[in-house]
Amino acid sequence: MLSYQHAYHAGNHADILKHFVLTFVLKSLNKKENPYTFFDTHSGSGLYDFEDNRSLKTGEASCGIKKLLKALDDTPCFDFPDFLDYIDIVKTYAKKNLYPGSPLIERDFMRSQDFLILSELHPQEIENLRENINDSFYKKSEDSDFPSVMIHKRDGWEMLKALTPPHTKRGAVLIDPSYEESEDYELAAKTICEVFKKWSNGIFLLWYPLLAHRETEINSMLENIKSDVRRVNKNTEIVNLKLCVFDKDRHVEKSLDMVLSDEDKKNPPRLYGSGMIVINAPWKLKENGEKVVEFLKNVISFQSQEES
Ligand code: SAM
């Protein structure tokens, strides 16, 4: 089933957390001159328009990145440099009413010696991705160029297993499934554990939703990843950052009744936040990431005082 379209959600709270962590990891990889490979298993179309009807319909970008950019205009002294790297790139696109998806953020941060490997299955999204990857709103500095990019119309789980470890040895993967199928939780854990066994110095970034009716699946996915990874190397640095923007309680009521009513099926329980788990996390991601999450909670969360 491929009914998910990221255009409804681009620039929401989940994208902010995911793309901030993504830029942090890319910057840390850029600290060494030697090349690296970055895999994006579920790429989407790479570029989103705030004026698109789907974005206007949900209003998620307005409550997310647009609200954040406005807050930063009012508080220009905000000074987490790692977070500002993400904000700078977003601002470049926002001037044109656009929001960059993960493939364009990766392309813009990576250097000419690096390799970017993207996969996407949706027939329309992959067409859009092929077109968008050639758009260049973001200007590289004089002495730098974009990385080599390969786009596969291919299952992202299968692509990652087939192409790792990369010839560069150094590298990372962003895994950002739409979780349309409940099996995606199990598949994410199984794939990461299988790939980590043969590429134990790779950096793995997995985005996951916070949904009250999926708590069991989410917890078991995270536990399986942590225990399997630590079985291979007990010293592996694992960081799990969570950003909650709505009260969880308001969602639990629905989830207690696992048989959803017809009304609930029309309006399935809402995402109350999301998380990013990072394996082989770079230095200071935990410390700096937690500060950024606290800041974001204050600016874009709708939580009542007791929950936050
Ligand atoms: N990573 C993107 C970003 O941050 O801009 C958003 C990706 S969106 C959440 C998930 C994408 O995965 C959708 O475009 C969907 O069509 C695609 N997809 C779903 N199942 C897939 C699979 N098995 N392999 C590759 N892509 C898949």
Side-chain angles (χ1 to χ4, degrees), residues 1-26 38-50 52 54-55 58 60-61 64-65 86 89-90 93-94 98-109 116-133 135 137-138 149-164 172-192 194-195 204-211 214 243 271 274-278:
M1 187 175 68
L2 282 171
S3 55
Y4 178 91
Q5 290 177 45
H6 198 63
Y8 286 100
H9 313 289
N12 69 358
H13 58 88
D15 266 4
I16 295 173
L17 174 69
K18 182 201 327 171
H19 294 155
F20 153 63
V21 174
L22 174 63
T23 56
F24 191 102
V25 169
L26 289 165
F38 197 99
F39 299 92
D40 190 333
T41 56
H42 297 71
S43 294
S45 67
L47 193 61
Y48 302 94
D49 186 346
F50 290 139
D52 184 297
R54 290 166 293 181
S55 175
T58 60
E60 290 187 27
I65 192 65
Y86 161 68
I89 194 167
V90 167
Y93 288 86
L98 298 168
Y99 183 81
S102 53
L104 264 68
I105 296 177
E106 289 144 10
R107 183 204 65 172
D108 292 350
F109 269 78
L116 175 58
I117 303 182
L118 308 168
S119 62
E120 169 58 51
L121 266 185
H122 192 287
Q124 187 56 55
E125 293 293 81
I126 190 137
E127 281 312 307
N128 298 343
L129 175 63
R130 289 203 164 108
E131 210 171 288
N132 291 332
I133 204 79
D135 274 337
F137 297 100
Y138 183 83
V149 184
M150 275 150 279
I151 301 181
H152 297 256
K153 185 173 190 304
R154 184 171 180 179
D155 175 74
W157 309 110
E158 182 271 320
M159 178 277 279
L160 187 65
K161 288 192 272 185
L163 303 185
T164 47
V173 52
L174 171 66
I175 304 175
D176 181 22
S178 39
Y179 296 95
E180 282 172 281
E181 311 284 348
S182 60
E183 296 80 57
D184 273 351
Y185 297 92
E186 219 175 298
L187 207 46
K190 264 178 81 175
T191 308
I192 289 176
E194 188 178 329
V195 175
F204 295 70
L205 296 83
L206 173 70
W207 178 87
Y208 60 91
L210 290 174
L211 293 161
R214 290 281 182 230
L243 172 63
L271 195 71
S274 70
M276 277 292 271
I277 181 163
V278 182

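In each ligand, atom 1 is the first atom listed, and ligand 1 is the first ligand listed. None of these values were measured; they are calculated from a predicted model.
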Contact with ligand 1 for Glu158, non-hydrogen, under 4.0 angstrom: no

Subset of ligand 1 atoms that lie under 4.0 Å from at least one heavy atom of Gly101: 5 (O)

Polar side-chain atom of Thr58 near backbone of Tyr8 as donor-acceptor pair, under 3.5 Å: yes

Interfacing atoms of ligand 1 (cut-off 4.0 Å, heavy-atom, His19): 3 (C), 4 (O), 5 (O)

Closest to atom 1 (N) of ligand 1 among Leu22, Asp40, Leu129, Asp176 (heavy-atom distance): Asp176

Nitrogen or oxygen of Lys18 less than 3.5 angstrom from that of ligand 1: yes

N or O contact, Gly156 vs ligand 1, cut-off under 3.5 Å: yes

Structural part of Ser43 in contact with ligand 1, heavy atom criterion under 4.0 angstrom: backbone

Tyr179 and Tyr185 aromatic ring geometry - parallel, tilted or perpendicular at 30°/60° bounds: tilted

Leu160 side chain near Thr191 side chain, heavy-atom distance below 4.5 Å: yes

Validation row: Ile65, Phe50 side chains within 4.5 angstrom (heavy atoms): yes

Polar atom proximity, His6 to ligand 1 (N or O, under 3.5 Å): no

With Ile192, the side chain to side chain contact (heavy atoms under 4.5 Å, CB included) member among Leu187, Val173, Leu206: Leu206

For ligand 1, the portion of Glu180 having any non-hydrogen atom under 4.0 Å away: neither

Option with minimal heavy-atom separation from atom 15 (C) of ligand 1, where the choices are Glu125, Glu120, His122, Met159: Glu120

Sub-3.5 Å N/O-N/O distance, Tyr4 and ligand 1: no

Ser119 N/O to ligand 1 N/O under 3.5 Å: no

Where ligand 1 meets Thr41 - atom numbers and elements under 4.0 angstrom, heavy-atom basis: 25 (C), 26 (N)

N/O separation below 3.5 Å, Asp15 to ligand 1: no

Leu22 vs Phe109 side-chain heavy atoms within contact, under 4.5 Å: no

Short side-chain donor-acceptor distance under 3.5 Å, Asp15 and Tyr48: no

Trp157, Trp207, Tyr4 screened by ring pair (Phe, Tyr, Trp, His ring centres under 6.0 Å) with His42, the one that passes: Trp157

Atoms in ligand 1 with a heavy atom of Arg154 nearer than 4.0 Å: 24 (N), 25 (C)

Residue-ligand contact Ile105/ligand 1, heavy atom below 4.0 Å: no

Carboxylate-amine/guanidinium contact Arg154 Glu158, below 4.0 Å: yes

Distance-only donor-acceptor check, side chains Glu180 and Ser3, under 3.5 Å: yes

